[in-house]
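Have a look at the structure below, then the notes.
Everything numeric in this text was worked out from a predicted model, so none of it was measured. Counting convention: from 1, in listed order, for ligands and their atoms alike.
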Amino acid sequence: RSWWDHVTPALKDLINAVTDAFLADPCPYKINLGVGAYRDDEGKPVVLQWVREAEGKIGATNFLESTSTAISSKLVEESAKLIYREDLDVIKERRFAGIPALSGTGACRIFAEFQKRFYPDSTIYFPDPTWSNHRNIWGDAHVPGRTFHYYHPDSKGLNFVALMDDVKNAPDGSFFLLHPCAHNPTGVDPTDEQWREISSLFKVKNHFPFFDVAYQGFASGDVERDAQAIRIFLEDGHSIGCAQSFAKNLGLYGHRVGCLSILCNDKIQAVAIKSQLKQISNAMYSSPTIHGISLVSKILCNPDIKALWLKEVKVMATRIQRMRATLREALERLRSPLNWQHITNQAGMFCFSGLTRAEVDQLAKEFHIYMTHDGRISMASVTTKNVDYVARAIHEVTA
Ligand code: PMP
């Protein structure tokens with residue numbers, strides 16, 4: 001008998017299961033539409049030019065010391081400006097607590113732990129559906145998760161009425177996780193007007209909005225535009241928490257760079273909250289790695305470099321938007337009996353296609369096209385070369 005006889009395999013991660021099936025398929029023209037990572041029109045991963053430039057600039061730096069306070073403060077400040085607004089009083093007056101985090105996942109994980117520590121009996125409401133890891137993250141922090149209505153399968157858009165009902169019926173002072181743009185997995189975002197109504201109701205109910213910002217720039221191509229939901233909540237004077245990831249918009253997936261920030265009433269509260277966040281991260285992994293933090297700081301701190309990076313974000317988002325239009329047109333040209341407007345109505349990296357599980361299975365078996373069972377298509381993996389084949393296959397399984 002060994003120490004670990006009682007350990008059985010954990011449930012397979014949904015996305016990894018798709019990747020495994022894709023890798024095991026010997027077909028030379030197989031396509032993986034499962035992974036939510038940006039690809040260029042050749043289907044290749046992209047290293048952004050300004051990340052390369054920044055790499056060159058920090059190449060000679062001596063990284064023997066762990067994260068320097070100066071570099072992490074810069075990262076936090078510039079990250080906060082990116083989502084909350086450059087000239088915001090909260091930032092100028094340092095009324096926010098922020099720490100660098102291990103990408104978006106790490107930021108969510110630290111917040112979940114913080115929530116548990118200071119609101120031990122609280123729950124968190126997730127949109128239905130949401131990124132599958134949200135449940136794991138808050139679950140591991142022992143914060144029970146609930147859901148609120150979000151997606152409407154008929155319209156393949158937002159179920160706004162049911163969403164508002166759920167916000168209204170949740171106990172006052174509940175925690176809500178919101179995707180401010182490019183919702184994963186549905187690509188469905190509320191309009192500005194709907195965000196205003198959500199924000200007003202949150203105010204009445206005294207709910208806490210926690211924004212998970214994993215795709216800033218990917219919905220509209222403009223990082224400022226994509227922060228609009230957060231800005232609307234700011235105007236209404238909410239206390240806000242944000243998990244920010246630079247995995248997608250800087251293409252830094254493996255570097256794990258992110259930021260967790262919480263807006264506070266005053267500087268004293270900010271200092272207290274920051275020290276608590278640091279204590280939690282210290283116990284988990286001491287400090288994040290310095291290389292990625294230095295890269296992001298280099299880009300965000302230099303207005304010229306930042307402007308050029310923002311152009312690259314625009315290029316990525318525009319390519320995805322073009323592929324949405326092309327895929328929809330191709331399906332319409334094939335005289336598909338179904339309505340595919342939602343492909344262009346939805347925004348960001350993903351299209352929630354409405355394909356059933358059986359259709360998804362058929363796409364894999366007969367056409368070697370892989371995606372998650374919920375029918376989510378990573379539009380970033382659709383290219384000029386494969387779009388017609390993808391459209392024909394979708395048409396075949398749905399006609
Ligand atoms: N939130 C959402 C909604 C996501 O889709 C992702 C990435 N799939 C993340 C957070 C976290 O990503 P990362 O930890 O790689 O930054």
> Is a salt bridge present between Lys385 and Glu42, judged by a nitrogen-to-oxygen distance below 4.0 Å?
Replying inline: yes
> Honestly, is Lys248 close enough over Tyr38, meaning NZ or CZ under 6.0 Å from the six-membered ring centre and within 45° of the axis?
Replying inline: no
> Which pairs count as salt bridge (charged side-chain N to carboxylate O under 4.0 Å, His left out) when at least one residue sits in residues 331-353, sequence neighbours excluded?
Replying inline: Arg328-Glu332
> Is any NZ, NE, NH1 or NH2 atom of the basic residue among Glu396 and Arg392 found under 4.0 Å from an Asp or Glu carboxylate oxygen of the other?
Replying inline: no
> Does Asp226 come within less than 4.0 Å of Arg231, counting only side-chain N to carboxylate O?
Replying inline: no
> Using a 4.0 angstrom limit on heavy atoms, which residues are close to ligand 1?
Replying inline: Ser103, Gly104, Thr105, Trp131, His179, Asn184, Asp212, Ala214, Tyr215, Ser245, Ala247, Lys248, Arg256
> Between Arg322 and Asp41, is there a salt bridge with N-O shorter than 4.0 Å?
Replying inline: no
